[in-house]
Amino acid sequence: MAATCQIDVLEKRIESLEALVFGNADKDALYPKCIDNLSNIQSKVFAATAGRKKIPKAYERLSDLRSYLDPSYTEELTTSDDTKAEIILAEADFLREQAARLEKMQSMEELFDSEHIKAAPKLAGKLHELSQLQIKQQDQASQFNDEARSCLEAYNSIVTLLSKQFIQWDEILTKAEIAAKPRKSMD
């Protein structure tokens, strides 16, 4: 019974180590390499620590060291329960707001898991093509704007020149009419 309990504890420790080492990676593909590397490291560590009495004692206290280095441990020492309650009450509105956002996200989970969202990475190429087309069309529109502006400027200058010419002709015609009227009255 004690042996199976120890095996279970050992298996749990191995699983936690695998989770730390491999994360989400395919451990079956990387496992042989890791075993070799860990074996080499272990032999180097044993060779480096052989004959030193303080190092095994430090290994025994690693779990204590981890707990002391944990930020929650110092928080437990420095923050009383009343202070923690006050902090929580002071942040109550923020916590309610975050809870509402989380509930909204959970209600929208079906939308995030929809086929449309899952297909988004597949459509990235088409989106890139469309963005390139839009950039090209923006460049063309800018070019058309420039051409239209230059045509309008040319039109305005022609109209201005024609207006000046008509004014000159009107002045000449008016002078000619004025000059012609007195001659008719003399006849």
Participant: Using side chain to side chain contact (heavy atoms under 4.5 Å, CB included) as the criterion, point out the one residue from Ile167, Thr160, Leu162 that pairs with Lys164.
Facilitator: Thr160

Participant: Should Glu153 and Asn156 count as side-chain neighbours, where that means a heavy-atom distance under 4.5 Å?
Facilitator: no

Participant: Working to the nearest 0.5 angstrom, can you tell me the gap between Ser150 OG and Tyr155 OH?
Facilitator: 15.0 Å

Participant: Establish whether Ile41 and Ile55 are linked, either directly or via other cluster members, by ILVMFWY side-chain heavy-atom contacts under 4.5 Å.
Facilitator: yes

Participant: Working to the nearest 0.5 angstrom, can you tell me the gap between Glu109 CD and Asp113 CG?
Facilitator: 5.5 Å

Participant: Kindly compute the distance separating CD1 (Ile178) from OG1 (Thr174), expressed to the nearest 0.5 Å.
Facilitator: 6.5 Å

Participant: Identify all side-chain donor-acceptor contacts of residues 122-143 below 3.5 Å with residues at least two apart in sequence or on another chain.
Facilitator:
| unit_1 | atom_1 | unit_2 | atom_2 | d |
| --- | --- | --- | --- | --- |
| Ser131 | OG | Leu127 | O | 3.4 |
| Ser131 | OG | His128 | O | 2.7 |

Participant: For residues 89-105, which side-chain N or O atoms pair as donor and acceptor with protein atoms under 3.5 Å away, sequence neighbours left out?
Facilitator:
| unit_1 | atom_1 | unit_2 | atom_2 | d |
| --- | --- | --- | --- | --- |
| Asp93 | OD1 | Arg96 | NH1 | 3.3 |
| Glu97 | OE2 | Arg101 | NH2 | 2.9 |

Participant: Just how far is it from atom CD of Glu147 to atom SG of Cys151, taken to the nearest 0.5 Å?
Facilitator: 7.0 Å

Participant: Identify whether Ile158 and Phe166 are in the same connected component of the hydrophobic contact network (ILVMFWY, side-chain heavy atoms under 4.5 Å).
Facilitator: yes

